[in-house]
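Here is the structure we will look at.
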Amino acid sequence: MTIRLYDTGARQIRDFTPLIPGCVSIYLCGATVQAAPHIGHIRSGLNFDIMRRWFAYRGYDVTFIRNVTDIDDKIIAKSADQGRPWWSIGYENERAFNSGYDVLGCLPPTYEPRATGHIPEMIEMMRVLIERGHAYAADGNVYFDVRSFPGYLQLSNQNLDELRQPSGEGETGKRDPRDFAMWKAAKPGEPSWETPWGRGRPGWHLECSAMAHKYLGSAFDIHGGGLDLIFPHHENEIAQAKAYGDAFARYWVHNAWVTMSGEKMSKSLGNSVLVSEMVKQWRPVVLRYYLGTPHYRSMIEYSDEALREAESAFARIEGFVQRVVEKAGGVVEPADEVPPAFAEAMDDDLGVPHALAIVHTTVRQGNSALAADDKEAAVARLAEVRAMLGVLGLDPLDPHWSGDSDRGDDLHGVVDTLVRLVLEQREAARGRKDWASADAIRDQLQQTGLVIEDGPTGPRWTLGPR
């Protein structure tokens, strides 16, 4: 068994060899909490949740760090616009992100450090870099000298002479316009901390280099994030960390975006879809299926039609699970191991689409077993399905999703009573062999959006895809 991952730095799929046998350490660039999350933000956390689950299934002891950037230009700007403390905005949105992760079934990280809790580590890193000639202070700012680090831009494969480094307001005193800010001089009314070079606040890139070092040491296995972070963020993290003396990340894994009309979903474009709103329209487990089942390196083009397809596909899985549970007379536990073909797909750069095809094939085999009244085979297929879905965080019988199928808890009991009255009329028609009336009742119910299935314990109803 060898897990293989696409390494952005190597530009190829590589066999994964852990730094410490039996262990895997992962640092994921988490939320910048200037606003509530849209589904593009949450996709990254969800993709790496699946990675983490697969490593755990393969027997690894996983340490998973997902940071929170709680100080940032945009947070400060919103603080000024809204007349609210910067920390209030940050904490409110941090809670919104954690709610989004939780509602979609992401496991909590091992540690979730906030940038503002690690100022001493950042000051120490800057001190060492200045002493070694990799950084310098100017006008209260501290900059990294990119020409002092020969490996700069290897991750993003750019030419230094053609580089245009993003630069913020107040970044004065640079020796080279391509140098980037590690520390930003204090401005009136903005949050700041004391340093040997004057009061100020951290630059985005410095935060992650310092936190990764604190929680994972000088070397760790995997650094993850979205494609948009390759430059400048991850490139600048590498420069700081390696110039400091860290070996840093051994594999770089990047997930693709959620797009709308071909453009990356972002608040600045006004095309974002908030998680808090989406889960009012779609069951959270369906949203997880939609965001988590494409390959992590593939773009997802957002559309209601695609979500409806995801809903229908997951409903087919759920229907099979419910039918076998009824047939078995109780819950069927997951198998100890997933099918070999599923494992092979997941080992190959987390090939979730191929793995999911194995899930649907197994569901079809299970349905055939049900049709043939082969209870033993149906139960065996369900055990396999549950094992596979558990790895993907999509097991319908997982307690996390309990009640998720109800799209209105207050009305569910009322609707159930009314539907069962109609179903009793249908059963009476079937009993007197009035098949036309029985079929008409079923068809009328289906037109309302209900799906009627005849099981061993009698007819039952579910809400159909919209």
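Position 1 is the first residue of the sequence, and the numbers go up from there.
Looking at residues two or more places apart in sequence or on another chain, you find a ring-ring contact (aromatic ring centres under 6.0 Å, His included) between Y244 and H213. For R66, the salt bridge (charged side-chain N to carboxylate O under 4.0 Å, His left out) criterion is met by E112, not counting sequence neighbours. The ring-ring contact (aromatic ring centres under 6.0 Å, His included) test applied to W204 returns H233, not counting sequence neighbours. W54 is linked by a ring-ring contact (aromatic ring centres under 6.0 Å, His included) to Y57, counting only residues two or more places apart in sequence or in another chain. Scanning for salt bridge (charged side-chain N to carboxylate O under 4.0 Å, His left out) contacts around E337 gives an empty result, with sequence neighbours left out. Listed by chain and residue number, D7, Q12, R14 satisfy the side chain to side chain contact (heavy atoms under 4.5 Å, CB included) test with A10 (two or more places apart in sequence, or in another chain). Contacts of E333 classified as side-chain hydrogen bond (donor to acceptor under 3.5 Å, both in side chains), with partners at least two apart in sequence or in another chain: none. For D70, the side-chain hydrogen bond (donor to acceptor under 3.5 Å, both in side chains) partners at least two apart in sequence or on another chain are T116. For Y290, the ring-ring contact (aromatic ring centres under 6.0 Å, His included) criterion is met by no residue, not counting sequence neighbours. Residues that satisfy the side-chain hydrogen bond (donor to acceptor under 3.5 Å, both in side chains) test with Y215, not counting sequence neighbours, are H118.
With salt bridges taken as basic N to acidic carboxylate O contacts below 4.0 Å, one links E171 and K174. Between D102 and R95 no salt bridge is recorded (no basic side-chain N to carboxylate O distance below 4.0 Å). Between R283 and E311 there is no salt bridge, since no side-chain N of the basic residue sits under 4.0 Å from a carboxylate O of the acidic one. With respect to the salt-bridge test (charged N to carboxylate O, under 4.0 angstrom), the residues E94 and R114 qualify. Look at D228 and K264 and you find a salt bridge, because one of the NZ, NE, NH1 or NH2 atoms lies within 4.0 Å of a carboxylate O, short of that distance.
Ring centroid separation for the pair F97 and H41 comes in under the 6.0 Å cut-off. Under the 6.0 Å cut-off for aromatic ring centres, H234 and H254 qualify, their centroids lying closer than that.
Crowding of D336 atom CG: a count of heavy atoms from other residues, nucleotides or ligands under 6.0 Å not exceeding 12.
Classified by interplanar angle (parallel below 30°, tilted 30° to 60°, perpendicular above 60°), the ring pair W252/F248 is tilted. Between W193 and W86, the angle of the ring planes goes over 60°, which puts this pair in the perpendicular group of the 30/60° scheme. Below 30°, between 30° and 60°, or above 60°: for H134 and F149 the angle between ring planes is above 60°, a perpendicular geometry. Below 30°, between 30° and 60°, or above 60°: for F180 and F144 the angle between ring planes is below 30°, a parallel geometry.
A cation-pi arrangement is absent between R250 and F220, since the terminal nitrogen or guanidinium carbon is not both under 6.0 Å from the aromatic centre and inside a 45° cone about the axis. Judged by the 6.0 Å distance and 45° axis criteria, R147 is not positioned over the aromatic ring of Y152.
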Report task. Please test R127 against E124 for salt bridge (Lys or Arg N to Asp or Glu O under 4.0 Å), starting from the C-alpha separation and ending with a verdict. Result -> CA-CA 5 Å; R127 183 189 64 78; E124 172 61 14; 2.6 Å; yes
Review item, side-chain donor-acceptor pairs of residues 17-32, under 3.5 Å, at least two apart:
| residue | atom | partner | partner atom | Å |
| --- | --- | --- | --- | --- |
| S25 | OG | D221 | N | 3.0 |
| S25 | OG | D221 | OD2 | 3.2 |

Side chains of residues 382-394: which donor-acceptor partners sit under 3.5 Å, not counting sequence neighbours?
| residue | atom | partner | partner atom | Å |
| --- | --- | --- | --- | --- |
| E384 | OE1 | R381 | NE | 3.0 |
| E384 | OE2 | R381 | NH2 | 3.2 |
| R386 | NE | D395 | OD1 | 3.3 |
| R386 | NE | D395 | OD2 | 2.8 |
| R386 | NH1 | V332 | O | 2.8 |
| R386 | NH2 | D395 | OD2 | 2.8 |

